[in-house]
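Atom set for the values below is all heavy atoms of this structure, side chains included, hydrogens, waters and symmetry mates excluded. Quick note on labels: first sequence line is chain A, next is B, and so on, each numbered from 1.
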Number of protein chains: 2
Amino acid sequence: MRADAQRNYDRIVEVAREVFREQGYDASLDEVAKRAGVGPGTLYRHFPKRENLIDAIMQSWVDRVDEAADKALAHEGSPRDLLLAWFEQYVALISLHKGGPAKITSAMCDDSSPIATKCQALTRATSRVLERLEAEGALREGVDVVQMCRLVGGVATVADQADLGTDDVQPLLGVVADGVLR
Amino acid sequence: MRADAQRNYDRIVEVAREVFREQGYDASLDEVAKRAGVGPGTLYRHFPKRENLIDAIMQSWVDRVDEAADKALAHEGSPRDLLLAWFEQYVALISLHKGGPAKITSAMCDDSSPIATKCQALTRATSRVLERLEAEGALREGVDVVQMCRLVGGVATVADQADLGTDDVQPLLGVVADGVLR
DNA sequence: CAACCATACGGAGACCGTCTCCGGTTAGCA
DNA sequence: TGCTAACCGGAGACGGTCTCCGTATGGTTG
(Lines give C-alpha, C1' and ligand atoms only; values in the text may rest on other atoms or scores of the structure.)
Protein backbone atom coordinates (compact mmCIF):
# COMPACT_ATOMS: atom_id res chain seq x y z
CA MET A 1 0.00 0.00 0.00
CA ARG A 2 1.30 3.41 -0.95
CA ALA A 3 2.19 5.78 1.85
CA ASP A 4 -0.50 8.33 1.04
CA ALA A 5 -3.11 5.60 0.81
CA GLN A 6 -2.11 4.32 4.23
CA ARG A 7 -2.29 7.84 5.61
CA ASN A 8 -5.80 8.31 4.28
CA TYR A 9 -6.91 4.90 5.46
CA ASP A 10 -5.77 5.58 9.00
CA ARG A 11 -7.26 9.03 9.05
CA ILE A 12 -10.63 7.78 7.83
CA VAL A 13 -10.76 5.08 10.48
CA GLU A 14 -9.83 7.54 13.17
CA VAL A 15 -12.44 10.07 12.10
CA ALA A 16 -15.10 7.40 11.59
CA ARG A 17 -14.59 6.18 15.12
CA GLU A 18 -15.29 9.69 16.34
CA VAL A 19 -18.30 10.29 14.10
CA PHE A 20 -19.88 6.94 14.90
CA ARG A 21 -19.39 7.60 18.59
CA GLU A 22 -21.27 10.87 18.19
CA GLN A 23 -24.00 9.81 15.79
CA GLY A 24 -24.15 6.02 15.78
CA TYR A 25 -23.53 3.57 12.97
CA ASP A 26 -26.03 5.29 10.71
CA ALA A 27 -23.99 8.46 10.42
CA SER A 28 -23.38 9.84 6.95
CA LEU A 29 -20.28 8.43 5.30
CA ASP A 30 -19.86 11.55 3.21
CA GLU A 31 -19.61 13.43 6.45
CA VAL A 32 -16.86 11.07 7.57
CA ALA A 33 -15.05 11.66 4.30
CA LYS A 34 -15.44 15.40 4.59
CA ARG A 35 -14.14 15.50 8.16
CA ALA A 36 -11.26 13.27 7.17
CA GLY A 37 -10.43 15.70 4.38
CA VAL A 38 -10.82 13.18 1.58
CA GLY A 39 -13.31 12.76 -1.23
CA PRO A 40 -16.13 10.23 -1.03
CA GLY A 41 -14.40 8.22 -3.72
CA THR A 42 -11.41 7.63 -1.49
CA LEU A 43 -13.56 6.47 1.37
CA TYR A 44 -15.58 4.06 -0.75
CA ARG A 45 -12.47 2.65 -2.40
CA HIS A 46 -11.03 1.71 0.97
CA PHE A 47 -14.36 0.63 2.44
CA PRO A 48 -16.85 -0.49 -0.20
CA LYS A 49 -19.51 -1.24 2.38
CA ARG A 50 -20.29 0.48 5.65
CA GLU A 51 -19.56 -2.78 7.42
CA ASN A 52 -15.98 -2.75 6.17
CA LEU A 53 -15.42 0.54 7.90
CA ILE A 54 -17.09 -0.70 11.06
CA ASP A 55 -14.88 -3.74 10.90
CA ALA A 56 -11.77 -1.59 10.70
CA ILE A 57 -12.90 0.47 13.65
CA MET A 58 -13.41 -2.67 15.69
CA GLN A 59 -9.89 -3.96 15.16
CA SER A 60 -8.78 -3.22 18.71
CA TRP A 61 -12.18 -4.10 20.08
CA VAL A 62 -11.52 -7.83 19.91
CA ASP A 63 -8.89 -7.51 22.61
CA ARG A 64 -11.37 -5.76 24.84
CA VAL A 65 -13.79 -8.64 24.41
CA ASP A 66 -11.23 -11.14 25.64
CA GLU A 67 -10.26 -8.92 28.53
CA ALA A 68 -13.90 -8.51 29.52
CA ALA A 69 -14.34 -12.28 29.55
CA ASP A 70 -11.22 -12.63 31.70
CA LYS A 71 -12.58 -10.10 34.08
CA ALA A 72 -15.98 -11.75 34.33
CA LEU A 73 -14.40 -15.17 34.86
CA ALA A 74 -12.06 -13.87 37.55
CA HIS A 75 -15.01 -12.62 39.53
CA GLU A 76 -15.92 -14.94 42.39
CA GLY A 77 -19.54 -15.70 43.06
CA SER A 78 -22.50 -17.86 42.16
CA PRO A 79 -23.00 -19.09 38.63
CA ARG A 80 -25.81 -16.57 38.28
CA ASP A 81 -23.51 -13.75 39.31
CA LEU A 82 -20.91 -14.87 36.84
CA LEU A 83 -23.41 -15.08 34.04
CA LEU A 84 -24.94 -11.71 34.83
CA ALA A 85 -21.52 -10.13 35.04
CA TRP A 86 -20.74 -11.44 31.58
CA PHE A 87 -24.11 -10.39 30.19
CA GLU A 88 -23.51 -6.86 31.33
CA GLN A 89 -20.08 -6.82 29.77
CA TYR A 90 -21.54 -8.26 26.60
CA VAL A 91 -24.23 -5.62 26.37
CA ALA A 92 -21.76 -2.86 27.10
CA LEU A 93 -19.36 -4.12 24.44
CA ILE A 94 -21.90 -4.27 21.64
CA SER A 95 -23.64 -1.06 22.69
CA LEU A 96 -20.58 1.14 22.30
CA HIS A 97 -22.17 2.82 19.31
CA LYS A 98 -25.83 3.41 18.59
CA GLY A 99 -27.03 0.79 16.14
CA GLY A 100 -24.27 -1.58 17.20
CA PRO A 101 -26.38 -4.22 18.92
CA ALA A 102 -28.59 -4.70 15.87
CA LYS A 103 -25.65 -4.75 13.42
CA ILE A 104 -23.60 -7.19 15.44
CA THR A 105 -26.40 -9.49 16.50
CA SER A 106 -27.83 -9.84 13.04
CA ALA A 107 -24.39 -10.59 11.61
CA MET A 108 -23.99 -13.44 14.06
CA CYS A 109 -23.43 -16.72 12.24
CA ASP A 110 -23.21 -14.97 8.89
CA ASP A 111 -19.70 -15.86 7.80
CA SER A 112 -19.98 -13.69 4.73
CA SER A 113 -20.40 -10.57 6.83
CA PRO A 114 -17.40 -8.23 6.97
CA ILE A 115 -17.65 -8.20 10.74
CA ALA A 116 -17.86 -11.99 11.02
CA THR A 117 -14.55 -12.23 12.87
CA LYS A 118 -15.85 -9.76 15.44
CA CYS A 119 -18.91 -11.88 16.05
CA GLN A 120 -16.72 -14.92 16.41
CA ALA A 121 -14.72 -13.14 19.09
CA LEU A 122 -17.94 -12.61 20.99
CA THR A 123 -19.13 -16.18 20.67
CA ARG A 124 -15.71 -17.45 21.65
CA ALA A 125 -15.68 -15.33 24.79
CA THR A 126 -19.22 -16.41 25.61
CA SER A 127 -18.17 -20.01 25.14
CA ARG A 128 -15.50 -19.63 27.78
CA VAL A 129 -18.09 -18.44 30.26
CA LEU A 130 -20.46 -21.21 29.27
CA GLU A 131 -17.81 -23.89 29.64
CA ARG A 132 -17.16 -22.80 33.19
CA LEU A 133 -20.86 -22.99 33.99
CA GLU A 134 -21.11 -26.32 32.22
CA ALA A 135 -18.26 -27.69 34.33
CA GLU A 136 -20.06 -26.54 37.45
CA GLY A 137 -23.18 -28.27 36.22
CA ALA A 138 -25.09 -25.03 36.44
CA LEU A 139 -26.40 -25.03 32.89
CA ARG A 140 -29.60 -26.45 31.55
CA GLU A 141 -29.34 -28.97 28.76
CA GLY A 142 -29.66 -27.87 25.20
CA VAL A 143 -28.43 -24.34 25.69
CA ASP A 144 -25.93 -23.31 23.11
CA VAL A 145 -23.71 -20.31 22.64
CA VAL A 146 -25.42 -18.81 19.65
CA GLN A 147 -28.78 -18.86 21.36
CA MET A 148 -27.36 -16.99 24.29
CA CYS A 149 -25.72 -14.40 22.10
CA ARG A 150 -28.98 -13.86 20.27
CA LEU A 151 -30.95 -13.51 23.48
CA VAL A 152 -28.58 -11.04 25.05
CA GLY A 153 -28.14 -9.34 21.70
CA GLY A 154 -31.89 -9.02 21.46
CA VAL A 155 -32.08 -7.38 24.85
CA ALA A 156 -29.29 -5.01 23.90
CA THR A 157 -30.97 -4.19 20.60
CA VAL A 158 -34.23 -3.29 22.27
CA ALA A 159 -32.40 -1.27 24.90
CA ASP A 160 -30.46 0.56 22.21
CA GLN A 161 -33.48 1.38 20.08
CA ALA A 162 -35.78 2.32 22.95
CA ASP A 163 -33.07 4.20 24.83
CA LEU A 164 -33.42 2.10 27.95
CA GLY A 165 -31.19 2.67 30.97
CA THR A 166 -29.29 0.08 32.94
CA ASP A 167 -32.13 -0.19 35.43
CA ASP A 168 -34.46 -1.41 32.72
CA VAL A 169 -31.93 -3.74 31.14
CA GLN A 170 -30.72 -5.56 34.24
CA PRO A 171 -34.02 -7.35 34.99
CA LEU A 172 -34.25 -8.52 31.39
CA LEU A 173 -30.80 -10.04 31.62
CA GLY A 174 -31.88 -11.62 34.89
CA VAL A 175 -34.72 -13.39 33.17
CA VAL A 176 -32.44 -14.68 30.45
CA ALA A 177 -29.98 -15.92 33.06
CA ASP A 178 -32.73 -17.71 34.95
CA GLY A 179 -33.92 -19.29 31.74
CA VAL A 180 -30.51 -20.65 30.99
CA LEU A 181 -29.39 -21.84 34.43
CA ARG A 182 -30.66 -24.85 36.31
CA MET B 1 -63.47 15.21 5.74
CA ARG B 2 -64.20 15.86 2.10
CA ALA B 3 -65.25 12.91 -0.03
CA ASP B 4 -62.20 13.01 -2.31
CA ALA B 5 -59.91 13.25 0.71
CA GLN B 6 -61.52 10.18 2.25
CA ARG B 7 -61.15 8.33 -1.02
CA ASN B 8 -57.46 9.12 -1.20
CA TYR B 9 -56.91 8.30 2.45
CA ASP B 10 -58.45 4.86 2.04
CA ARG B 11 -56.61 4.17 -1.16
CA ILE B 12 -53.25 5.12 0.35
CA VAL B 13 -53.79 2.85 3.35
CA GLU B 14 -54.80 0.00 1.11
CA VAL B 15 -51.79 0.40 -1.15
CA ALA B 16 -49.41 0.91 1.76
CA ARG B 17 -50.54 -2.34 3.31
CA GLU B 18 -49.63 -4.07 0.09
CA VAL B 19 -46.29 -2.32 -0.37
CA PHE B 20 -45.23 -2.85 3.24
CA ARG B 21 -46.13 -6.52 2.96
CA GLU B 22 -43.87 -6.79 -0.06
CA GLN B 23 -40.97 -4.61 1.07
CA GLY B 24 -41.26 -4.11 4.81
CA TYR B 25 -41.76 -0.95 6.80
CA ASP B 26 -38.78 0.74 5.18
CA ALA B 27 -40.39 0.84 1.77
CA SER B 28 -40.36 4.14 -0.10
CA LEU B 29 -43.33 6.34 0.69
CA ASP B 30 -43.10 8.04 -2.68
CA GLU B 31 -43.59 4.63 -4.18
CA VAL B 32 -46.71 4.18 -2.09
CA ALA B 33 -47.97 7.54 -3.29
CA LYS B 34 -47.21 6.71 -6.89
CA ARG B 35 -48.96 3.35 -6.74
CA ALA B 36 -51.93 4.97 -5.04
CA GLY B 37 -52.07 7.50 -7.87
CA VAL B 38 -51.61 10.53 -5.64
CA GLY B 39 -48.81 13.04 -5.25
CA PRO B 40 -46.34 12.85 -2.38
CA GLY B 41 -47.89 15.98 -0.93
CA THR B 42 -51.21 14.22 -0.46
CA LEU B 43 -49.61 11.30 1.28
CA TYR B 44 -47.62 13.46 3.67
CA ARG B 45 -50.61 15.63 4.46
CA HIS B 46 -52.59 12.62 5.61
CA PHE B 47 -49.65 10.92 7.26
CA PRO B 48 -46.96 13.37 8.39
CA LYS B 49 -44.79 10.60 9.77
CA ARG B 50 -44.28 7.06 8.56
CA GLU B 51 -45.63 5.84 11.89
CA ASN B 52 -48.96 7.51 11.24
CA LEU B 53 -49.36 5.43 8.12
CA ILE B 54 -48.32 2.29 9.93
CA ASP B 55 -50.82 3.13 12.62
CA ALA B 56 -53.60 3.41 10.07
CA ILE B 57 -52.65 0.09 8.53
CA MET B 58 -52.81 -1.54 11.93
CA GLN B 59 -56.34 -0.43 12.68
CA SER B 60 -57.83 -3.89 12.21
CA TRP B 61 -54.77 -5.51 13.70
CA VAL B 62 -55.83 -4.76 17.26
CA ASP B 63 -58.76 -7.15 16.92
CA ARG B 64 -56.41 -9.89 15.80
CA VAL B 65 -54.31 -9.35 18.91
CA ASP B 66 -57.28 -9.90 21.16
CA GLU B 67 -58.36 -12.94 19.20
CA ALA B 68 -54.87 -14.40 19.40
CA ALA B 69 -54.88 -13.98 23.18
CA ASP B 70 -58.28 -15.67 23.37
CA LYS B 71 -56.97 -18.54 21.33
CA ALA B 72 -53.86 -18.95 23.45
CA LEU B 73 -55.88 -18.81 26.67
CA ALA B 74 -58.39 -21.36 25.39
CA HIS B 75 -55.58 -23.82 24.81
CA GLU B 76 -55.37 -26.44 27.55
CA GLY B 77 -51.97 -27.41 28.87
CA SER B 78 -49.21 -26.60 31.28
CA PRO B 79 -48.38 -23.00 32.13
CA ARG B 80 -45.29 -23.34 30.01
CA ASP B 81 -47.34 -24.46 27.04
CA LEU B 82 -49.71 -21.58 27.48
CA LEU B 83 -46.90 -19.08 27.69
CA LEU B 84 -45.10 -20.51 24.69
CA ALA B 85 -48.30 -20.51 22.69
CA TRP B 86 -48.77 -16.84 23.45
CA PHE B 87 -45.14 -16.01 22.71
CA GLU B 88 -45.47 -17.55 19.30
CA GLN B 89 -48.64 -15.61 18.61
CA TYR B 90 -46.94 -12.48 19.84
CA VAL B 91 -43.95 -12.93 17.58
CA ALA B 92 -46.16 -13.73 14.62
CA LEU B 93 -48.30 -10.66 15.22
CA ILE B 94 -45.45 -8.19 15.36
CA SER B 95 -43.51 -9.86 12.57
CA LEU B 96 -46.20 -9.41 9.95
CA HIS B 97 -44.04 -6.89 8.14
CA LYS B 98 -40.27 -6.72 7.97
CA GLY B 99 -39.06 -4.09 10.42
CA GLY B 100 -42.19 -4.48 12.50
CA PRO B 101 -40.66 -6.06 15.60
CA ALA B 102 -38.14 -3.26 15.99
CA LYS B 103 -40.69 -0.49 15.36
CA ILE B 104 -43.28 -1.90 17.72
CA THR B 105 -40.94 -2.96 20.48
CA SER B 106 -39.10 0.32 20.61
CA ALA B 107 -42.37 2.23 20.73
CA MET B 108 -43.42 0.26 23.77
CA CYS B 109 -44.12 2.56 26.71
CA ASP B 110 -43.68 5.63 24.54
CA ASP B 111 -47.08 7.27 24.82
CA SER B 112 -46.14 9.95 22.36
CA SER B 113 -45.64 7.41 19.59
CA PRO B 114 -48.32 7.31 16.89
CA ILE B 115 -48.61 3.56 17.36
CA ALA B 116 -48.88 3.79 21.14
CA THR B 117 -52.41 2.40 21.16
CA LYS B 118 -51.21 -0.63 19.21
CA CYS B 119 -48.51 -1.30 21.78
CA GLN B 120 -51.07 -0.98 24.51
CA ALA B 121 -53.20 -3.61 22.82
CA LEU B 122 -50.23 -5.93 22.97
CA THR B 123 -49.43 -5.28 26.60
CA ARG B 124 -53.09 -5.66 27.51
CA ALA B 125 -53.28 -9.03 25.79
CA THR B 126 -50.04 -10.11 27.42
CA SER B 127 -51.45 -9.03 30.77
CA ARG B 128 -54.37 -11.36 30.35
CA VAL B 129 -52.01 -14.29 29.83
CA LEU B 130 -49.88 -13.21 32.75
CA GLU B 131 -52.84 -12.90 35.07
CA ARG B 132 -53.84 -16.45 34.35
CA LEU B 133 -50.32 -17.66 35.12
CA GLU B 134 -50.24 -15.49 38.20
CA ALA B 135 -53.48 -17.05 39.43
CA GLU B 136 -51.99 -20.49 38.89
CA GLY B 137 -48.97 -19.42 40.90
CA ALA B 138 -46.73 -20.28 38.00
CA LEU B 139 -44.98 -16.96 37.74
CA ARG B 140 -41.79 -15.82 39.42
CA GLU B 141 -41.97 -12.71 41.52
CA GLY B 142 -41.05 -9.37 40.06
CA VAL B 143 -41.92 -10.20 36.48
CA ASP B 144 -43.93 -7.49 34.82
CA VAL B 145 -45.68 -7.20 31.50
CA VAL B 146 -43.42 -4.65 29.90
CA GLN B 147 -40.35 -6.73 30.61
CA MET B 148 -41.93 -9.69 28.93
CA CYS B 149 -42.94 -7.71 25.90
CA ARG B 150 -39.42 -6.37 25.59
CA LEU B 151 -37.88 -9.81 25.90
CA VAL B 152 -40.13 -11.41 23.33
CA GLY B 153 -39.91 -8.30 21.19
CA GLY B 154 -36.14 -8.55 21.36
CA VAL B 155 -36.22 -12.13 20.18
CA ALA B 156 -38.57 -11.18 17.35
CA THR B 157 -36.37 -8.25 16.39
CA VAL B 158 -33.28 -10.40 16.13
CA ALA B 159 -35.19 -13.05 14.23
CA ASP B 160 -36.52 -10.43 11.83
CA GLN B 161 -33.17 -8.81 11.18
CA ALA B 162 -31.18 -12.02 10.91
CA ASP B 163 -33.88 -13.82 8.92
CA LEU B 164 -34.21 -16.64 11.42
CA GLY B 165 -36.73 -19.41 10.91
CA THR B 166 -39.19 -20.78 13.45
CA ASP B 167 -36.75 -23.52 14.39
CA ASP B 168 -34.24 -20.96 15.58
CA VAL B 169 -36.79 -18.79 17.35
CA GLN B 170 -38.60 -21.45 19.34
CA PRO B 171 -35.68 -22.33 21.64
CA LEU B 172 -35.11 -18.66 22.39
CA LEU B 173 -38.71 -18.28 23.44
CA GLY B 174 -38.29 -21.40 25.53
CA VAL B 175 -35.45 -19.80 27.45
CA VAL B 176 -37.49 -16.67 28.09
CA ALA B 177 -40.40 -18.79 29.30
CA ASP B 178 -38.16 -20.72 31.67
CA GLY B 179 -36.74 -17.49 32.99
CA VAL B 180 -40.16 -16.15 33.77
CA LEU B 181 -41.85 -19.24 35.20
CA ARG B 182 -41.22 -20.83 38.55
C1' DC C 1 -78.12 26.48 -10.85
C1' DA C 2 -74.45 29.52 -10.30
C1' DA C 3 -71.04 31.50 -7.62
C1' DC C 4 -67.96 31.13 -3.95
C1' DC C 5 -64.35 29.52 -0.92
C1' DA C 6 -62.43 26.38 2.25
C1' DT C 7 -60.41 22.30 1.54
C1' DA C 8 -57.62 19.24 -0.77
C1' DC C 9 -54.69 17.97 -4.69
C1' DG C 10 -50.16 17.00 -6.81
C1' DG C 11 -45.98 17.94 -8.89
C1' DA C 12 -41.76 20.64 -8.98
C1' DG C 13 -37.93 20.79 -6.48
C1' DA C 14 -34.89 21.46 -2.20
C1' DC C 15 -32.29 18.64 0.62
C1' DC C 16 -29.62 14.75 2.04
C1' DG C 17 -27.28 10.31 1.82
C1' DT C 18 -25.15 6.63 -1.16
C1' DC C 19 -22.10 5.42 -4.47
C1' DT C 20 -19.48 5.75 -9.19
C1' DC C 21 -16.71 7.41 -12.75
C1' DC C 22 -12.87 9.43 -14.57
C1' DG C 23 -9.53 13.32 -15.40
C1' DG C 24 -5.83 14.74 -12.74
C1' DT C 25 -2.11 13.93 -9.33
C1' DT C 26 1.59 11.70 -6.96
C1' DA C 27 4.57 8.16 -4.73
C1' DG C 28 8.05 5.23 -5.51
C1' DC C 29 11.25 3.25 -8.42
C1' DA C 30 14.76 2.85 -12.14
C1' DT D 1 14.88 13.04 -13.46
C1' DG D 2 11.32 10.80 -15.69
C1' DC D 3 7.97 7.15 -15.93
C1' DT D 4 3.95 4.59 -14.57
C1' DA D 5 0.92 2.29 -11.70
C1' DA D 6 -1.52 3.53 -7.89
C1' DC D 7 -4.25 6.70 -5.88
C1' DC D 8 -6.97 10.98 -5.23
C1' DG D 9 -11.25 13.59 -5.00
C1' DG D 10 -14.98 16.03 -6.78
C1' DA D 11 -18.82 16.25 -10.00
C1' DG D 12 -22.88 14.18 -10.47
C1' DA D 13 -26.38 10.25 -11.06
C1' DC D 14 -29.63 8.15 -8.27
C1' DG D 15 -33.21 7.45 -4.87
C1' DG D 16 -35.53 8.70 -0.75
C1' DT D 17 -37.85 12.36 2.33
C1' DC D 18 -40.53 16.13 2.73
C1' DT D 19 -42.43 21.06 1.52
C1' DC D 20 -44.40 24.74 -0.88
C1' DC D 21 -47.70 26.74 -3.57
C1' DG D 22 -50.48 27.34 -7.77
C1' DT D 23 -54.47 24.81 -9.21
C1' DA D 24 -58.68 22.19 -8.92
C1' DT D 25 -62.84 20.75 -6.76
C1' DG D 26 -66.48 19.38 -3.26
C1' DG D 27 -69.94 21.30 -0.69
C1' DT D 28 -72.64 25.10 0.66
C1' DT D 29 -75.34 29.09 0.18
C1' DG D 30 -78.44 32.49 -2.10
Original post:
Is it the case that B:Ser112 and B:Asp110 place a side-chain donor and acceptor less than 3.5 Å from each other?
Top reply: yes

Original post:
Has the side chain of B:Arg45 got a donor or acceptor that lies under 3.5 Å from a partner of the other kind on the base of C:dA8?
Top reply: no

Original post:
Which is it for A:Arg140 and A:Glu134 under the salt bridge (charged side-chain N to carboxylate O under 4.0 Å, His left out) test, yes or no, and what are the steps along the way?
Top reply: CA-CA 9 Å; A:Arg140 297 198 198 212; A:Glu134 182 81 66; over 6 Å; no

Original post:
For B:Tyr90 and B:Leu173, what are the C-alpha separation, side-chain angles and deciding distance, and is it a side-chain contact (heavy atoms from CB on, under 4.5 Å)?
Top reply: CA-CA 11 Å; B:Tyr90 189 106; B:Leu173 295 178; over 6 Å; no

Original post:
Roughly, in whole Å, what's the span from CD1 in A:Ile12 to P in C:dC19?
Top reply: 14 Å

**OP:** Ignoring hydrogens and angles, answer whether the base of C:dT26 and the side-chain atoms of A:Arg2 contain a donor-acceptor pair closer than 3.5 Å.
**Re:** yes

**OP:** Map A:Gly41 and B:Leu29 onto DNA chain D by nearest heavy atom, then report which one ends up closer to the 5' terminus.
**Re:** A:Gly41

Original post:
How long is the line joining CG of B:Leu53 and P of D:dC18, in whole Å?
Top reply: 12 Å

Original post:
Within this structure, what is the CZ-to-C1' distance between A:Arg7 and C:dA27, rounded to whole angstrom?
Top reply: 9 Å

Original post:
Can a side chain N or O of A:Asn8 be found less than 4.0 Å away from OP1 or OP2 on D:dC7?
Top reply: no

Subject >> Spacing between B:Tyr9 atom OH and C:dT7 atom P, to the nearest angstrom >> reply: 19 Å

Subject >> Gap between atoms NE2 and P, on B:His46 and C:dT7 respectively (whole Å) >> reply: 14 Å

Original post:
Taking atom CE of B:Met1 and atom CG of B:Asn8, what is their separation to the nearest 0.5 Å?
Top reply: 8.5 Å

Original post:
B:Thr42 side chain N/O closer than 4.0 Å to the phosphate oxygens (OP1, OP2) of C:dG10?
Top reply: yes

Original post:
Is A:Ser28 near enough to C:dC16 that one of its side-chain N or O atoms lies under 4.0 angstrom from OP1 or OP2?
Top reply: no

**OP:** To the nearest Å, give me how far apart CD (B:Gln6) and P (C:dT7) are.
**Re:** 16 Å

**OP:** With DNA chain D as reference, determine whether B:Asp4 or B:Asp30 sits nearer its 5' end, using the nearest nucleotide of each.
**Re:** B:Asp30

**OP:** Could you check whether A:Ala27 gets within reach of a base, just the sugar-phosphate, or nothing at all, counting any heavy atom under 4.0 Å?
**Re:** sugar-phosphate

**OP:** Specify the closest pair of heavy atoms between B:Ala125 and B:Ala69, including all atoms of both residues, with the distance to one decimal.
**Re:** CB-CB, 3.9 Å

Original post:
Nearest to the side chain of B:Ala5, which nucleotide is it out of C:dC9, C:dT20, D:dC8?
Top reply: C:dC9

**OP:** Please report, rounded to the nearest Å, how far the C1' atom of C:dC9 is from the CZ atom of B:Arg11.
**Re:** 15 Å

Original post:
What nucleotide among D:dC18, C:dT20, C:dA8 has an atom nearest to a side-chain atom of A:Tyr44?
Top reply: C:dT20

Subject >> Atom-to-atom span, CG of A:Leu43 to P of C:dG17 - whole angstrom >> reply: 14 Å

